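For clarity, every value in this text was computed on a predicted model and none was experimentally measured.
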Amino acid sequence: MAHQNDEKLKPGTWKEMGLTDEEFQKIVDILGREPNFVELGIFSVMWSEHCSYKTSRPVLNLFPTEGEHILQGPGENAGIVDIGDGQAVAFKMESHNHPSAIEPYQGAATGVGGILRDVFTMGARPIAVLNSLRFGSLESARTRYLFGGVVSGISGYGNCIGVPTVGGEVFFAPSYEENPLVNAMCVGLIDHQDIKKGVASGVGNPVMVVGARTGRDGIHGATFASEELSEESADKRPAVQVGDPFMEKLLLEACLEVIKSGCVVGIQDMGAAGLTSSSCEMASRAGTGIEMDLALVPRREKGMTPYELMLSESQERMLVVVKEGTEDTVKEIFTKWDLEAVVVGQVTDDGMLRLTEGEQVVAEMPAQALTDEAPVYQRPYSEPEYLSEARELSLVNVPQPDDNEKVLMDLLAAPNIASKEWVYRQYDHMVGTNTVVRPGSDGSVLRVKGTKKGIALSTDCNARYCYLNPYEGGKIAVAEAARNLVCSGAKPLAITNCLNFGNPEKPGVMWQFRQAVQGMSEACRQLNTPVTGGNVSFYNETRGTAVYPTPTVGMVGLIEDLDKRCTQDFKDAGDIILMVGETKVELGGSEYLSVVHGMEAKGTPPELDLELEQQVQQSVLEAIQKGLVKSAHDCSEGGLAVALAECCISGGIGAEIYSIESIRGDALLFSESQSRIAITTSENNVAELINYLTAAGVPFTRLGTVGGSNLKISLLDAGCATGRPRTVINLPVSEMENRWREAIACLMK
């Protein structure tokens, strides 16, 4: 074959592609020559932060990745956990932040499409999608535009493909005004024997491109995701891919069928960096090479160059290595689903990624050089200067409110606490008929058809805590996700994550990242929830200002018997309300300080005692499984008063609460102390439940009784036990519900 000899690269071409002079020299050393333009483009995307994790890789090694339920940890398209009986759950979370900031509908839609492919590439059938979204203030017209576009993109893709969007979270803060975060999570079910991996093994086996044709959309999307947003970012709109959910549905069914056929050796989604990443990663994992003739790649635009074909991130495409001799069977399956399946190359034994265009070689480089030999950086890190001022807060200077009813109503109407129905009403969360607990409770629950089992799912992160103390914030993100699953009656199994940070070349951002990962790792070990994989999204900055550090956690839990699932709503008049855990004066970083006192991300956030957290979770889960608990709800944003109001609203019933005022009143009502769960039990079971909690050694308080049409909270001064209780909140549930339910919808009109 003739080898293409490009003209010598223009000086600085590599910098335009995001490579440094040192990185370019390393490429020259690996190849023993200067790369041509196609090779340089391939190296630039594979060595981008988005694909190579060249900054985060050393830190990610802190995560625990093994455990009794782990079948597949990091390194594949998705992680997999065992749920017994030969069944497993595949799940993954990834970001699509920069594309969503430029083109919110397509950015979010293709984020959903990509995460779906990561899961069904493993051989799993997707059964649910979740998301974690961050935006600026809803008072801003730009935020409303981005928010509306992202939600429409998620619903437009998920609803069309027939996978329910069952849960997630939305958080608003000025930090995200210019740089929203859009993190998507997918969960699928699979039998152990059907698990497939992204490996190109078996010398001589055919390499096939299947699915949609390749276009010019998304070229250099991975590089785009590895730089800060700027005023010029809108000009990079072509780096945002365009999705087709109907094509994805066909691809999903065809891929699952071809995997079942036994023809497939390895399969991988063409995600970031498209044909480049899928080919070199599959070869690298197997220790083989791949040779492809790019003239054979189906395309939807004329005149596409090898550079464009390799770097395109057109959606709904897969690279499949099949057993030699099964090509016709594979083509028949894809033809049945109105899709193309074209042999474009074969697996080789020389470890090279070799690309031709007919008889001419257009690129040739070691596959492992693109993956394993990417540079790894030990970035400098130091505590950022803002912290001392941000944490400086004396509660002596924070006046206690005269009207706690107004405070509670204002908190219920705050976008971070208010009902997210405006969002999830746009999602089809019942398609597939697996959804047992719908959006709006602590965790979403889906049945595993044909069994008594259920899967509980949650996404969580309080970014204010992470801004003020990324170590504690990282711990809390894991613990709250687990707590939400426990409140659903599920045993937490494992997590995926999406680590969203600013520019890691800044020591303060790198410090935030390291601290958050260390905190998350400690919590994962204590709670026995290993990390199965995830995504790092750096450079979430605009004009030099970073978003809050946002290490989002997606967690999966198992309910052995769906009849023992639990929800947050108060059930019956006369039920007894208890709170497991302790309330402390921990108002730093709270929604209360932000909404009522205008102090956004100020003070010291709550501290998390992981041993206590584990005890609280274990005791509540066991009590649920024993049938002693009728409802359970995590106390988080807004504190105890908001948690009780949410239980009343979701149950359509009131409650009467009496509490000893041992700490300042606003802290008792609105502190966001961790490791707290509000639970209810029947009068008949209260003695047994109290005995059980006492024996378990966890702190708890008897709060009051379910009933009536108001939420009434009365406080009794600890120093005056014989005095009359002082009623501080007495609100009709209907008024609270109206304020809570209408807040976001009113802002979005």
| remark: Result for side-chain contact (heavy atoms from CB on, under 4.5 Å) between I679 and one of D575, I577, V580 points to V580

| Distance-minimising heavy-atom pair for K475 and L608 | NZ-O, 3.0 Å

| query | Any luck finding a side-chain donor-acceptor pair between N500 and N183 under 3.5 Å? | reply | yes

| Is the closest side-chain donor-acceptor distance between S137 and E177 under 3.5 Å? | no

| field | Donor-acceptor pair between T727 and S714 side chains, under 3.5 angstrom | value | yes

| Donor + acceptor pair across side chains of S675, E613 (<3.5 Å) | yes

| said: For the aromatic rings, using the six-membered ring if either is Trp, is the centroid distance between F135 and Y176 under 6.0 Å? | reply: no

| query | Can R565 and S488 be counted as having a side-chain donor-acceptor contact under 3.5 angstrom? | reply | no

| Flag for T552-T550: side-chain donor and acceptor within less than 3.5 Å | no

| message | What I want to check is whether the side chains of Q615 and E611 have a donor and an acceptor closer together than 3.5 Å. | response | no

| query | Just checking, is any N or O donor in the side chain of D460 or S458 under 3.5 Å from an acceptor N or O on the other one? | reply | yes

| task | Keeping the roles fixed (side chain from K453, backbone from K449), state whether a donor-acceptor pair exists under 3.5 Å. | result | no

| Side-chain H-bond candidate by donor/acceptor type, Q426 with Y424, under 3.5 Å | no

| request: Consider only side-chain N and O atoms of N462 and E480, and report whether a donor and an acceptor are under 3.5 Å apart. | output: no

| query | Strictly by modelled atom types, are S594 and E600 linked by a side-chain donor-acceptor pair under 3.5 Å? | reply | yes

| Have E169 and S132 got a donor and an acceptor in their side chains that come within less than 3.5 Å? | yes

